[in-house]
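All ligand and atom numbering here is 1-based and tracks the order in the structure. In this text the structure is predicted, and so the values were computed from the model without any measurement.
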Amino acid sequence: MGHFEVVDYVIFAVLLAASVGIGLYYALSGGRQRTTQEFLMADRNMGCIPVSLSLIASFQSAVAIIGVPAEIYTYGTQYWFIGCAYILGLLIPAHVFIPVFYRLRLSSAYQYLELRFSKAVRICGTLTFICQMVIYMGVCVYTPAFALNAVTGFELWGAVLATGLVCTLYTTMGGLKAVIWTDVFQTVVMFAGQLAVIVVGVQKTGGVSEVWRKIWEGDRISGLDLNPDPTERHTFWTLGVGGIFLMLSLYGVNQAQVQRYLSSRTEKEAVRSCYLVFPSLQLALALSCVMGLVMFARYCDEDHSEKPSGLSMDAMVIYFVMDMLQGLPGLPGLFVACLFSAALSTISSAFNSLATVTMEDLIKPHFPAMTEARATLLSKALAMSYGLLCLAMAYVTHLMGDSVLQMALKIFGILGGPILGLFSLGIFFPWANSTGAVAGLGSGLAVAFWVAVGSILSHTSARSPTPECRVLLGPDNTTTTIHATLSNVTLSRPSGLKRFYSLSYMWYSAFNCFTVILIGLIISFLTGPTKKEDVHPGTVYPLLGKLVCFLSKPFKKKFYCVTPLGKTVKQWQPSQQKESNGSVLQQEERQSQAETESFFPAVEYETAV
Ligand SMILES: CC(C)(CO)[C@@H](O)C(=O)NCCC(=O)O
Ligand code: NA
């Protein structure tokens, strides 16, 4: 099993070489990466197409390429309903988070936390983000190397090292421009590899109708599961509603994505790129779900005995791919390139965003006099050290033993959920104060770890039955017996604290986000809520104001704690002055604008940038 021919190695080598080539190109062209503006922000001059492809690439790694088919193969197509969460999960970032962040002209999303709350909140947020991305990176580097090694004997740590080093090289040389343009190229390779497996797989399994018949008879197409039980692992509610919060934490407030929005030429271009993510992300989801279905059709009526035993479901996906692509020179290489493209594009985004927050949030504030040359050099050194750290994290992942998809989504929920809560507290609740924010984040993280560790220790993490496909395809009476036994198992539910621990991991983002908001608001009201005039202009999205705008005027005024965004901020943006000059402003807005301007302490951030 798993013979690579010369052409396969060539394709893989071309991928790595092209990525390094793009890095080299941006190291030598443009401003030659001599300013942090270029290295970390791509000169704020990107168009929407590369940005949108780069946005999908950030969180679509080999984890999704291997993990989603494994999920579909084992549990059926219920996971596909996460596609419903993409609608609000992208509309809200496009119309709430992007306007707030873009108009403040930030470099790092965490600058927002200082403007809205205080330096302490900013540092707490940054540290949480660093933990999240470093742990996630470990999973990303490890996954393709591990899966390939299990099936093909591809050297495990060699592959980990190659990924880590190549990625560090082009990220360090070419900055965000190289990261975005390699993402574009790598996303195309990723789609091509998945498509190749599906086309060849369908052909070898007997054509589309045969594949469909097997999937249908094997009961792999899941209906809409509307079970409201929050401990049920995957239902429409956990995926379609819980998934929205997962998407918000990734596409709304994650630095890797915010940095791409901020690198866009205009705010409109940033919003457009967010919209363009929708079809591509649906395509990515569909490709990996279909791959899982084809894998099912391929193996459901086959004897499993010839397969290597002890392979995890994730490794089984690679086994399937190699099984399909053997004897078609170049295609195994294309798939390996697909896996590593997905991984590289994610890891490079992580390196660059980590270098950015470390520089902008942890180092620069303490050394305001640092020269641009030194800051850029230091950013490069940071990108490189995170590269080495990620190799170490790959080893930690090696010691865990969850399915990789579940592991990645849990990390997003446990650490990303509280970060989402922190930003939401600032953006939607003008009363929240700095003490409340720190307390909220702290308790959010504590509860998140409590539930996560509790679920590991009590082994009650909600699990659906895992039927072997062979069994389901057996004679009718066998099928019914098995179903009966399985539903009995599902009926006995844990109680008390155990039930709390068995909360579906798809709810982690939402649950942890709400903990932060709730505790944050309680503590804020106890310690004295922030007064309207103390809120930094442009940092609050008047959600409540918009919701009650049909009510009476005094009521409306009460809820508009901060000037509606946009108009005000454009006023003090010298570069955008022309745009707002022409617009006719309402009396009320003009009034609050004057009010707002007087509260701007000459906007240090503007002058710094
Ligand atoms: C981020 C989502 C959930 C968006 O569908 C998806 O890309 C996914 O499941 N990602 C898993 C993490 C990863 O691929 O690294
Ligand atoms: Na990726």
Q.
Regarding Arg272 and Glu267, does a basic nitrogen lie under 4.0 Å from an acidic carboxylate oxygen?
A. no
Q: For the Na ion (ligand 2), report each protein N, O or S atom nearer than 3.0 Å, sorted by chain and then by residue number.
A: Ala57 O, Gln60 O, Ala342 O, Ser345 OG, Thr346 OG1
Q. Taking Leu331 as the fixed residue, which of Asp8, Val200, Val197 is the one that meets the side-chain contact (heavy atoms from CB on, under 4.5 Å) rule?
A. Val200
Q. Aromatic rings Tyr508 and Tyr505: how do their planes relate, parallel, tilted or perpendicular, breaks at 30° and 60°?
A. perpendicular
Q: Mind running side chain to side chain donor-acceptor pair (under 3.5 Å) on Thr356 and Gln259 for me, showing each step along the way?
A: CA-CA 9 Å; Thr356 308; Gln259 201 167 333; 2.9 Å; yes
Q | Between Phe412 and Phe59, ring centroids under 6.0 Å | A | yes
Q. Under 6.0 Å from the OH atom of Tyr25, do we count more than 12 heavy atoms belonging to anything else shown?
A. no
Q. In terms of the angle between their ring planes, are Tyr110 and Phe129 parallel, tilted or perpendicular, with boundaries placed at 30° and 60°?
A. tilted
Show me the short polar-atom pairs for ligand 1: any N or O of it lying under 3.5 Å from a protein N or O, with distances only.
{"residue": "ligand 1", "atom": "5 (O)", "partner": "Tyr86", "partner atom": "OH", "Å": "2.2"}
{"residue": "ligand 1", "atom": "7 (O)", "partner": "Phe59", "partner atom": "O", "Å": "3.1"}
{"residue": "ligand 1", "atom": "7 (O)", "partner": "Gln60", "partner atom": "OE1", "Å": "2.5"}
{"residue": "ligand 1", "atom": "9 (O)", "partner": "Tyr79", "partner atom": "OH", "Å": "3.1"}
{"residue": "ligand 1", "atom": "10 (N)", "partner": "Phe59", "partner atom": "O", "Å": "3.3"}
{"residue": "ligand 1", "atom": "14 (O)", "partner": "Phe59", "partner atom": "O", "Å": "3.3"}
{"residue": "ligand 1", "atom": "14 (O)", "partner": "Ser61", "partner atom": "N", "Å": "2.9"}
{"residue": "ligand 1", "atom": "14 (O)", "partner": "Ser61", "partner atom": "OG", "Å": "3.2"}
{"residue": "ligand 1", "atom": "14 (O)", "partner": "Ala64", "partner atom": "N", "Å": "3.1"}
{"residue": "ligand 1", "atom": "15 (O)", "partner": "Ser61", "partner atom": "OG", "Å": "2.5"}
{"residue": "ligand 1", "atom": "15 (O)", "partner": "Tyr136", "partner atom": "OH", "Å": "2.5"}

Q) Are any of the side-chain nitrogens in Asp183 or Arg260 under 4.0 Å away from the carboxylate oxygens of its partner? A) yes
Q: Measure the acute angle between the ring planes of Tyr299 and Tyr319, then classify it against the limits of 30° and 60° as parallel, tilted or perpendicular.
A: tilted
